[in-house]
There are 2 protein chains.
Amino acid sequence: MTVSKAATDAVKPSRSNGKEPVDGAAENAALQMGELSDLLGYSLKRAQLKVFEDFLRCVAPLQLTPAQFSVLLLLDKNPGRNQTEIANTLGILRPNFVAMLDALESRDLCTRVRSTNDRRSHILMLTDKGRAVLARAKKLVASKHEARLNELLGPANRVALLDMLSKIAGEF
Amino acid sequence: MTVSKAATDAVKPSRSNGKEPVDGAAENAALQMGELSDLLGYSLKRAQLKVFEDFLRCVAPLQLTPAQFSVLLLLDKNPGRNQTEIANTLGILRPNFVAMLDALESRDLCTRVRSTNDRRSHILMLTDKGRAVLARAKKLVASKHEARLNELLGPANRVALLDMLSKIAGEF
DNA sequence: CGATATTTGATATAGTCTATAACAATTATC
DNA sequence: GATAATTGTTATAGACTATATCAAATATCG
């Protein structure tokens with residue numbers, strides 16, 4: 001056995017079905033992950049999927065996706081910006097941001113207002129309901145989602161992880 | 001200024017166009033990222049996109065995606081497995097795995113062989129060409145891709161990062 | 001044995017996310 | 001004032017993901 005525990009079971013959550021073959025007929029042994037365990041990109045993607053999954057679960061009462069939550073956060077911190085600025089900051093292409101905003105606006109979470117300076121652009125702002133939903137979402141994220149990660153990694157490690165990810169996202 | 005450097009510029013790579021406004025008309029200041037900088041999921045996704053992007057660049061001569069590379073790696077380490085086993089291990093749904101294998105098989109990187117034990121299933125195996133391509137891909141990944149991450153983070157940090165990501169992917 | 005259920009690979013299909021081209025309205029540039 | 005650039009938008013295409021369904025083969029169990 002040359003593979004670490006983390007390497008062998010870091011794979012399928014759906015395979016954790018209570019009854020593992022205790023000793024009997026060798027069945028299908030777990031597959032060898034090999035170099036896959038050392039591929040940063042592989043673990044990155046698996047971890048990202050898990051984290052998003054948990055985010056959706058934690059914030060399910062408010063029906064917000066991670067992307068929608070990030071938009072609300074950004075609108076709150078940056079009043080008076082237009083669609084292009086918000087979309088660019090989040091790495092969303094302008095054409096794809098239109099439908100996203102349509103969804104948020106139809107739920108009365110934000111509004112588009114024609115700018116008086118530049119009548120081409122739409123100034124984006126949170127509605128009162130948007131601010132309220134954002135406040136509740138922040139609490140859920142902090143108390144359920146991030147708290148769970150803190151519990152798993154420990155506060156110091158969580159910060160170290162965040163720093164490294166930001167470094168990769170920013171300087172890679 | 002309460003935001004860290006990493007927080008403010010961890011955003012748009014496309015915005016790094018040589019000429020920043022030196023001092024003149026304040027223009028459009030960078031947006032405040034706010035709590036977004038502390039959202040693990042956000043940094044996770046941004047980092048994952050960057051890492052995949054770099055992977056594709058490094059391994060471009062071989063025309064392999066991260067997913068295809070992971071399939072070849074797994075086939076090499078686990079000869080004699082069928083489609084369902086490989087797909088499950090990688091978190092790929094069986095229906096979606098069919099087209100993936102079609103692509104790899106059409107490039108003569110792997111083959112499907114009807115199992116004699118169970119004539120429903122296809123045993124998957126790398127071809128000689130598949131093994132050769134995989135060997136070259138491993139070298140490119142190690143010397144260009146992972147080496148770059150090692151340079152950015154430092155070997156110790158890279159291992160620590162990998163451990164935490166595996167932990168999240170496995171136990172979250 | 002034989003009827004029923006399960007598994008495997010496959011197809012069809014739908015939904016989401018991402019990416020590019022093009023357009024009208026508006027503004028910037030020279 | 002003519003030309004170029006920008007903004008929001010639509011249309012569209014591609015990649016990835018997800019579910020239902022099917023025929024062939026196997027497993028299960030009376």
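Residue numbering restarts at 1 for every chain, and letters A, B, ... go by the order of the sequence lines.
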Q. Going through the distances and angles, do A/Thr89 and B/Met33 end up as a side chain to side chain contact (heavy atoms under 4.5 Å, CB included)?
A. CA-CA 9 Å; A/Thr89 302; B/Met33 297 297 288; 3.7 Å; yes

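- One can place CD1 of A/Ile86 at 15 Å from C1' of D/dG8, the figure rounded to the nearest angstrom.
- If you measure from atom CZ of A/Phe97 to atom P of C/dC17, you get 14 Å, rounded to the nearest angstrom.
- Between B/Gln48 atom CD and D/dA15 atom C1' the separation is 14 Å, expressed in whole Å.
- Minimum heavy-atom separation, B/Phe69 to B/Val141: CZ-CG2, 4.0 Å.
- Members clustered with B/Leu153: A/Leu40, A/Leu44, A/Val51, A/Leu149, A/Leu152, A/Leu153, A/Leu161, A/Leu162, A/Met164, A/Leu165, A/Ile168, A/Phe172, B/Leu40, B/Leu44, B/Val51, B/Leu149, B/Leu152, B/Leu161, B/Leu162, B/Met164, B/Leu165, B/Ile168, B/Phe172, by chain and number, using a 4.5 Å side-chain heavy-atom cutoff among hydrophobic residues.
- Closest approach of A/Arg46 and B/Leu90 over heavy atoms only: NH1-O, 3.1 Å.
- Per the geometry, CG belonging to B/Asn88 stands 13 Å off C1' belonging to C/dG9, to the nearest Å.
- The side chain of A/Thr84 places no N or O atom within less than 4.0 Å of a non-bridging phosphate oxygen (OP1 or OP2) of D/dT6.
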**Q.** Stepwise side chain to side chain contact (heavy atoms under 4.5 Å, CB included) test for B/Leu109 and B/Leu134
**A.** CA-CA 9 Å; B/Leu109 299 179; B/Leu134 175 59; over 6 Å; no

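- Nearest heavy atoms, B/Thr127 versus B/Gly130: OG1-N, 2.9 Å.
- Between the side chain of B/Arg94 and the backbone N or O of B/Thr84 there is no donor-acceptor pair closer than 3.5 Å.
- Direction change of the helix axis from one end of the helix from C/dC1-D/dG30 to C/dC30-D/dG1 to the other is 20°, with five pairs defining each end axis (rounded to 10°).
- Distance CG (B/Leu56) to P (D/dC16): 9 Å, rounded to an integer number of Å.
- Rounded to a whole Å, the CE atom of B/Met100 is 12 Å from the C1' atom of D/dA15.
- Within residues 62-71 of chain B, no residue approaches DNA chain C, by heavy-atom distance under 4.0 Å.
- Rounded to an integer number of Å, the gap from NE2 of B/His122 to C1' of D/dT26 is 15 Å.
- Going from atom CD of B/Glu85 over to atom C1' of C/dT7 covers 12 Å, rounded to whole Å.
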Q) For A/Asp163 and A/Val159, what are the C-alpha separation, side-chain angles and deciding distance, and is it a side chain to side chain contact (heavy atoms under 4.5 Å, CB included)? A) CA-CA 6 Å; A/Asp163 282 352; A/Val159 171; 4.1 Å; yes

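- Remark: A/Arg120 engages A/Asp118 in a side chain to side chain donor-acceptor pair (under 3.5 Å) (not counting sequence neighbours).
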(Q) Walk along nucleotides 18-30 of chain C from 5' to 3' and tag each nucleotide B, S or - by protein heavy-atom contact under 4.0 Å, base first, then sugar-phosphate. (A) BBBB---BBS---

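- Looking at residues two or more places apart in sequence or on another chain, you find a side chain to side chain contact (heavy atoms under 4.5 Å, CB included) between A/Val98 and A/Gln83, A/Asp102, A/Arg112.
- In terms of hydrophobic clustering, with Ile, Leu, Val, Met, Phe, Trp and Tyr side chains grouped at heavy-atom distances under 4.5 Å, A/Leu56 and A/Val71 are assigned to different clusters.
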